[in-house]
Structure formats: C-alpha cells, structure tokens
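Quick note on labels: first sequence line is chain A, next is B, and so on, each numbered from 1.
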Amino acid sequence: MGDKKIKIDEYKEIRLGGFQARSHNWWEEANPEESEEEEQQGQEWRYLEHHGVLFPPFYKRHNVGLIYNGKLITLTEEQEELCTYWAQSIGSPYENKEIYRKNFESLMQTKFEGFQLDKADFTKIKEYLEQQRLLRLNKSDEQKKQEKLERDQRELFYGYALVDGCLERVGNYTLEQPTLFKGRGEHPKAGLLKARIFPEELTVNLSTQAPVPQCKLPGHSWGKIVHRNDVTWLFSYVDSSIRKDNHKYVQFAATSRFKQMNDKRKYEKARRLKNQIDQIRENYTKKLQSDSIKERQLGTATYLIDKLALRVGNEKDEDEADTVGCCSLRVEHIKLKEDDVVAFDFLGKDSMRYNNEVKLAHQIWKNLKLFIKGKQPEDNLFSDISVDDLNDFLKKQMEGLTAKVFRTYNASFTLQQQLDLGGKLDGHSVQQKVDFYDNANKQVAILCNHQKTISKQFELTKKKINTKLECMKTYIQELEQHYKKKNPNEYEEEVQLEEGSQKKNSIFIKKFPGQHDKIKQTIQKTQEKYQKELKGLEKKEENKEIALGTSKTNYNDPRISVAFCKVHDVPIERVFSKTLRNKFIWAMATDSNWKF
DNA sequence: GATAAGACTTGGAAAAATCTTC
DNA sequence: GAAGATTTTTCCAAGTCTTATC
C-alpha cells in the first residue's frame with residue numbers, strides 16, 4: 001500500500017483499473033446456473049487474483065510483573081505473553097471454568113516450572129490492559145480519523161479479490177490472533193494456547209497467470225502455492241494447535257457472488273423438498289413398522305429431523321465437547337412419558353441445551369421404546385444406523401436431499417406460514433407490521449432452538465424499568481389529583497430511580513402544569529409512555545433467551561421477507577440490516593406475489 | 001465400502017457502531 | 001452532547017456433507 005496517504009476514491013481507481021467494482025447481476029441472467037460449462041466440471045472460476053492475508057501484530061512486551069506467592073516477579077517474554085492472554089479472560093465466565101484453569105496451568109508450567117494458578121495474582125497486568133483500553137477509547141478525533149483512513153485502505157487492499165473480471169469481497173483476510181483457546185461448553189482443550197500461524201503454514205490459491213501476493217512478514221514466505229479452480233478459498237491452513245485436522249480457510253465474504261449463488265441454490269433445494277414433502281413423509285412413515293430394526297431407525301430418525309428440526313448429529317472426537325444431534329442421541333437424552341409424549345434433554349451444537357417435551361406420533365413413541373430396550377443410558381439410541389445411512393436414504397428420496405435441507409425447509413415454511421396469517425394488516429403502523437414480522441421470525445428461532453444466554457445486564461435493566469414504571473404509575477395518580485384542584489399551581493419534582501446514582505438517566509422529572517388542559521395532556525402523554533415502556537419490557541422478557549439473527553441469516557428464504565415488505569409497504573431496512581441486504585441482493589427484486 | 005481429509009455452512013458471544021434520551 | 005440502550009458486525013468455534021484414499 002505504500003506509506004503515502006491517498007484518498008480512498010483514488011485508491012479504488014488504481015486498484016480497479018477498469019474492472020467493475022461489483023459483480024454483474026448474475027441473478028438477472030437467463031440461466032446462470034446451467035449455462036456455464038465450467039460449472040458442470042466443478043470449476044468455480046477462470047481467473048483469481050488477490051492481495052494475500054493480513055497477519056495479526058506480534059506480541060508486544062509491556063514488562064508489567066506478576067504477583068506470585070505475594071511477591072512481585074519479573075516474567076520472561078514468553079511467560080508474560082501467556083499471562084497477558086489469561087488476564088484478557090479475567091471477568092469472563094472462562095476465568096472460573098475448571099478445564100480452562102487446569103489447561104492454562106499446565107500450559108504455564110511449560111514456561112514456568114511448578115506454576116500454580118492459585119498463587120498467581122494478575123491484578124497488575126489486568127490494570128495495564130484496562131489502561132490500554134481506556135487509551136484506545138479516548139483517542140482524539142484526529143487520531144480516530146487517521147486510523148479509520150488506514151483501516152479503509154487496508155480493507156481496499158486485502159478485502160477484494162479479482163475474479164473473472166470483477167472484484168469480489170473477501171471475508172476473513174485477517175488471520176486469527178494467538179490467544180488462549182475458548183471452546184464452547186465443556187471443551188477439553190479450553191485454556192490451551194491457540195498458536196500463531198506463520199506464512200510457511202499457508203497454502204495460497206490463485207490463477208497460474210496471477211501475480212503471487214507479497215508475503216508481508218519479513219524473513220518469511222508462503223508455504224505452498226496452488227492453482228485450484230475447483231474450490232473457492234484463497235488460503236488454507238491446518239490449525240493443529242487445538243485439534244489435529246482442523247482445516248481453516250480464507251474465503252470470500254457472504255456478499256460475494258459465490259456465496260450468493262450457493263445461498264439461492266440452497267433455498268431452491270428447500271423449495272424442491274416442499275414440493276415433494278408429502279411423498280417423502282409417506283415413505284419414511286412406511287419404514288416405521290418395518291421388520292428390520294435398521295429400517296425402523298432410519299424412519300424414526302428422519303421423522304425427528306423433520307418434525308423437530310434436529311441436526312443430523314455426526315460423530316465427534318474424544319477431545320471435543322460432548323454434544324449430540326439426532327443420530328448421536330443416547331438413551332439418557334430422552335424420557336418416554338405417558339400419552340406419546342417424549343422429553344428430550346441434550347446438549348446440541350455449541351453446547352446449547354435442547355430441552356423439549358413434545359407429543360409425537362404413537363408409532364414413533366413405540367419405536368423409541370423398542371430402541372431403548374435392554375440398553376444402558378450411555379448407549380446410542382440409533383445404534384443400527386449412521387449419518388451416512390440416513391443421508392443415503394434421503395438421497396434416494398430426492399436428488400441432493402440431506403438432513404440439513406429439512407431445517408431450511410421447515411424454517412422457511414414456518415416463516416411463510418406465519419406471515420400469511422397476518423392477512424392484510426391494513427391500518428397497522430409500520431412498527432406494528434415489523435413487530436408482526438419479528439414474531440413470525442421468532443417462531444422460526446424457537447423451532448430451530450436458536451438460543452442466547454441472558455445478558456449480565458438483563459436483570460439490572462429489568463429492575464430499572466420496573467422502578468420507572470412504578471414511578472410513572474404514581475405520577476399519573478398524582479396528576480389526576482392535581483387536575484381536581486380548582487387552582488392548580490405549577491411545579492416540578494425530581495425522583496431518584498437508582499439509589500445513590502448520579503447518572504442522568506436515574507432521575508425522573510415529574511412536571512405538574514398550572515392549567516387544566518395541560519394537565520390532561522400530560523396525563524395522556526404519560527399513559528402512552530407507560531404503555532410503550534411496559535410493552536418493551538414484555539418483549540424483552542419474552543425474547544431474553546431467543547437469538548433472532550441466525551434464522552434470518554441462514555434459514556429464512558429472503559424472498560419471503562422481501563415479498564412481505566412489498567405487500568405491506570414496510571421498508572426493507574426495517575427487516576434486513578445493510579449486510580443482510582447485500583448478502584440477499586439477488587432477492588431484492590422479488591415480486592410481491594412470491595411464495596416460498 | 002470404510003475412513004480420513006477437505007470444503008463450506010451455521011452459530012453464539014463480544015466488540016463496535018448507531019440510535020435514543022435526557 | 002454524553003450516557004446508556006440497542007442494533008449490527010466481527011470473530012472464530014462448531015457443525016454438515018463431499019471428496020479423496022486405501
């Protein structure tokens with residue numbers, strides 16, 4: 001990029017050099033998917049050129065000591081680095097996790113003989129980090145502006161690749177920072193060091209004719225250069241510090257043509273499933289009473305994947321967290337109750353708990369009872385089938401059908417169905433229509449079990465709002481009394497909402513006007529505010545454990561949302577953020593009559 | 001055909017950006 | 001215009017499924 005400061009626009013001009021800044025509108029072409037012969041042979045591109053990756057900065061020594069055994073000690077650079085990584089996780093839930101502590105302790109022992117975590121006090125390093133954070137926070141406007149400019153220029157340089165005459169956005173062009181590994185749930189490797197990646201470990205992928213990007217790390221060079229046009233990654237490497245065979249890639253961004261086309265294909269496949277679902281359901285239902293246990297298990301597992309939107313559940317390694325999906329369910333994860341009800345309780349992807357009690361078809365209940373018979377709690381429920389068996393069965397039902405298609409189909413189908421319930425929504429405000437949409441999306445999130453942990457702030461925020469609500473209630477009553485007075489006097493009162501707090505937001509001002517009509521106005525306004533606040537609180541409470549983003553990004557066919565917005569005159573910005581609008585740009589021209 | 005390797009999608013948490021309210 | 005709330009984006013972990021290899 002050079003040291004010289006150039007304006008973004010100028011830079012773009014140089015970089016583009018006559019190329020189009022954006023992809024052509026592939027979705028407007030007649031048959032973008034079929035016409036390309038290359039694609040038939042698995043060729044993703046003809047020309048690929050890019051600028052390489054950005055390496056995270058090296059560790060910078062700060063010479064802040066550690067208090068060990070009550071005494072301040074000086075650390076070697078290696079020790080200091082590890083201790084600094086530890087200090088970064090102070091205050092997070094990891095700090096108190098047994099595995100995280102144990103693994104960090106043994107990691108430290110490789111650099112610090114006999115190191116015991118209990119004897120170490122990281123206060124000074126933590127303070128130093130906090131200082132640095134504040135320094136970053138309180139930079140001058142001039143400095144912030146300068147940094148933004150540099151960021152933008154970096155983004156232009158690394159953030160785009162040249163693909164067949166168009167610039168495509170690159171996703172993760174910055175390599176991951178070395179740090180202590182933080183797995184999800186009870187991950188056996190949490191607290192170990194996720195090591196720095198060096199250029200020698202990277203495989204670069206580009207065209208034979210394209211210039212090889214410069215390796216910006218002095219004294220280093222790329223490990224391998226390949227010209228694979230059957231794949232879409234720019235760099236690949238194996239991050240074996242936590243798990244062997246952990247393949248990582250630098251890929252195109254979600255807004256790139258590649259990902260957009262894959263997205264559209266995904267939803268089209270889900271729509272094909274929709275058209276054939278009756279026949280497919282009939283087919284797996286037939287299996288439920290088969291003489292063969294294997295067949296019964298195939299039918300039963302498919303039923304659960306379809307009905308409960310479970311993931312398929314591949315095998316996992318010993319050194320990963322113990323999580324399961326449908327095929328890896330164990331006897332201990334289900335309880336058969338009366339009246340065909342089955343209680344599921346297991347940890348799924350990301351160790352998120354799936355806890356659901358649901359009435360299933362009688363034959364399913366009977367089959368589950370049969371599969372459990374004579375087994376131990378830790379035995380596999382579906383002991384006679386594998387994920388491959390299940391997907392092989394699905395492939396025979398429909399070309400390209402796999403277990404995850406059911407999740408996409410059921411999610412999009414649910415959204416469409418929920419939105420159709422709204423009818424015309426005439427006379428509703430835009431906000432009400434958006435609320436209606438959000439609720440429809442919420443049903444999808446519930447189906448897919450998209451959860452989030454309740455934020456630390458939540459209880460506090462709730463308490464605050466409740467206090468405010470109480471205060472408003474009293475205020476309204478007082479205003480009504482005030483209104484009854486013959487000659488009301490005008491005055492103000494301040495109420496402290498939070499004890500001992502000096503913050504502006506903790507003060508509620510009660511205004512008592514001097515004229516009757518103004519009092520009436522104030523009463524009405526306050527009542528409106530009260531209702532709004534109350535509704536907000538209810539919504540917060542209802543959604544406190546539901547993550548609404550995942551379904552929007554990955555499961556809902558965007559055309560459903562676009563059509564909804566067009567029919568009901570809701571600006572698309574109210575439903576999709578800027579990145580989502582870019583990701584789904586191919587769906588923006590969807591007709592208002594479109595249905596999933 | 002079984003297993004390992006490889007490629008790409010999906011996921012929640014945290015950081016950053018933006019909006020709201022006083 | 002600052003503080004706090006809310007939304008959006010980034011980060012990277014953790015899934016699914018395909019392809020290569022024996």
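Set against C:dC12, C:dT9, C:dT16, the side chain of A:T579 has C:dT9 as its closest nucleotide. Side-chain proximity of A:K259 to C:dT8, C:dC17, B:dT9: nearest is B:dT9. Among the nucleotides B:dA7, B:dT9, B:dG11, the one closest to the side chain of A:W233 is B:dA7. Of the candidate nucleotides C:dC12, C:dT18, B:dG12, C:dT18 has the atom nearest to the side chain of A:T402. Of the candidate nucleotides B:dC8, C:dC17, B:dG12, B:dC8 has the atom lying nearest to any side-chain atom of A:T232. Closest to the side chain of A:R311, out of B:dA7, B:dT9, B:dG11, is B:dG11. Listed candidates were C:dT18, B:dA13, C:dA13. Nearest to the side chain of A:D388 is C:dT18.
Nucleic acid contact class of A:A403 (heavy atoms, under 4.0 Å, all strands): sugar-phosphate only. As judged by a 4.0 angstrom heavy-atom cut-off over every strand, A:K395 is placed among residues touching the sugar-phosphate backbone only. Contacts of A:G549 with the nucleic acid, taken as non-hydrogen atoms under 4.0 Å apart, are absent. A:N172 comes within contact range of no nucleotide atom at all, as no heavy-atom separation falls under 4.0 Å. Within 4.0 Å (heavy atoms only), A:G325 reaches no atom of the nucleic acid at all. No engagement by A:R574 is indicated, since no non-hydrogen atom pair under 4.0 Å with the nucleic acid exists.
When rounded to the nearest whole Å, the span between CG of A:D230 and P of C:dT19 equals 10 Å. Protein atom CG of A:L202 is 16 Å distant from nucleotide atom C1' of B:dG6, rounded to whole Å. Between A:L580 atom CG and C:dT10 atom P there is a gap of 12 Å when expressed in whole angstrom units. Atom CG in A:D438 sits about 10 Å away from atom P in C:dT8, given to the nearest Å. Atom P of nucleotide B:dA5 and atom CG of A:D239 are separated by 16 Å, given to the nearest angstrom. Rounding to whole angstrom units, CG of residue A:N449 and P of B:dG11 are separated by 10 Å. Atom CZ in A:F584 sits roughly 12 Å away from atom C1' in B:dT9 (whole-Å rounding). Across the protein-nucleic acid pair, A:F576 atom CZ and C:dT7 atom P stand 16 Å apart, rounded to whole Å.
With the nearest nucleotide of DNA chain B identified for both A:S236 and A:H450, A:S236 has the one nearer the 5' end. Toward the 5′ end of DNA chain B lies the nearest nucleotide of A:T553, the other residue of the pair A:T553 and A:K452 mapping further downstream. Each of A:L401 and A:H187 was assigned the nucleotide of DNA chain C with the nearest heavy atom; the assignment lying further toward the 5' end belongs to A:H187. Of the residues near DNA chain C, A:V387 and A:K578, the one whose nearest nucleotide (by heavy atom distance) lies more toward the 5' end is A:K578.
With A:F235 as reference, A:W222 is the one residue of A:F252, A:Y249, A:W222 to meet the ring pair (Phe, Tyr, Trp, His ring centres under 6.0 Å) rule.
Taking only side-chain nitrogens and oxygens, A:S577 comes nearer than 4.0 Å to OP1 or OP2 of C:dT9. Considering only side-chain N and O atoms, A:N262 lies under 4.0 angstrom from the phosphate OP1 or OP2 of B:dT9. For B:dA14, neither phosphate oxygen OP1 nor OP2 lies less than 4.0 angstrom from any side-chain nitrogen or oxygen of A:S92. Residue A:K349 places no side-chain N or O under 4.0 Å from the OP1 or OP2 atom of C:dA13. Phosphate contact (OP1/OP2 of C:dT16, side-chain N/O of A:N314, threshold under 4.0 Å): present. At C:dC11, none of the side-chain N or O atoms of A:R184 fall inside 4.0 Å of OP1 or OP2 (strictly under the cut-off). A sub-4.0 Å separation between OP1 or OP2 of B:dA7 and a side-chain N or O of A:R228 is present. Side-chain nitrogen and oxygen atoms of A:K404 include at least one within less than 4.0 Å of the OP1 or OP2 phosphate oxygen of B:dT10.
Listed by chain and number, the residues in a salt bridge (charged side-chain N to carboxylate O under 4.0 Å, His left out) with A:D263 are A:K266, A:K583 (sequence neighbours excluded). Not counting sequence neighbours, the partners of A:F346 by the ring-ring contact (aromatic ring centres under 6.0 Å, His included) test are A:Y354. Under the salt bridge (charged side-chain N to carboxylate O under 4.0 Å, His left out) criterion, A:K442 pairs with A:E542, sequence neighbours left out. Residues passing the side-chain hydrogen bond (donor to acceptor under 3.5 Å, both in side chains) test with A:R272, sequence neighbours excluded: none.
Across residues 241-253 of chain A, A:D245, A:H247, A:Y249, A:Q251 each have a non-hydrogen atom less than 4.0 Å from an atom of DNA chain B (numbered order).
The closest side-chain heavy-atom distance from A:D239 to A:K194 is below 4.5 Å.
Listed by first and then second residue, the side chain to side chain donor-acceptor pair (under 3.5 Å) pairs that reach into residues 396-406 of chain A are A:N283-A:Q397, sequence neighbours excluded.
For the pair A:R196 and A:F58, the cation-pi criterion (under 6.0 Å, within 45° of the ring axis) is fulfilled.
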_A:R574 vs A:D435, test: salt bridge (charged side-chain N to carboxylate O under 4.0 Å, His left out). Steps then yes/no._
CA-CA 10 Å; A:R574 298 294 303 270; A:D435 285 346; over 6 Å; no

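Annotation: the span from A:H50 atom NE2 to A:L234 atom CG amounts to 4.5 Å, rounded to 0.5 Å.
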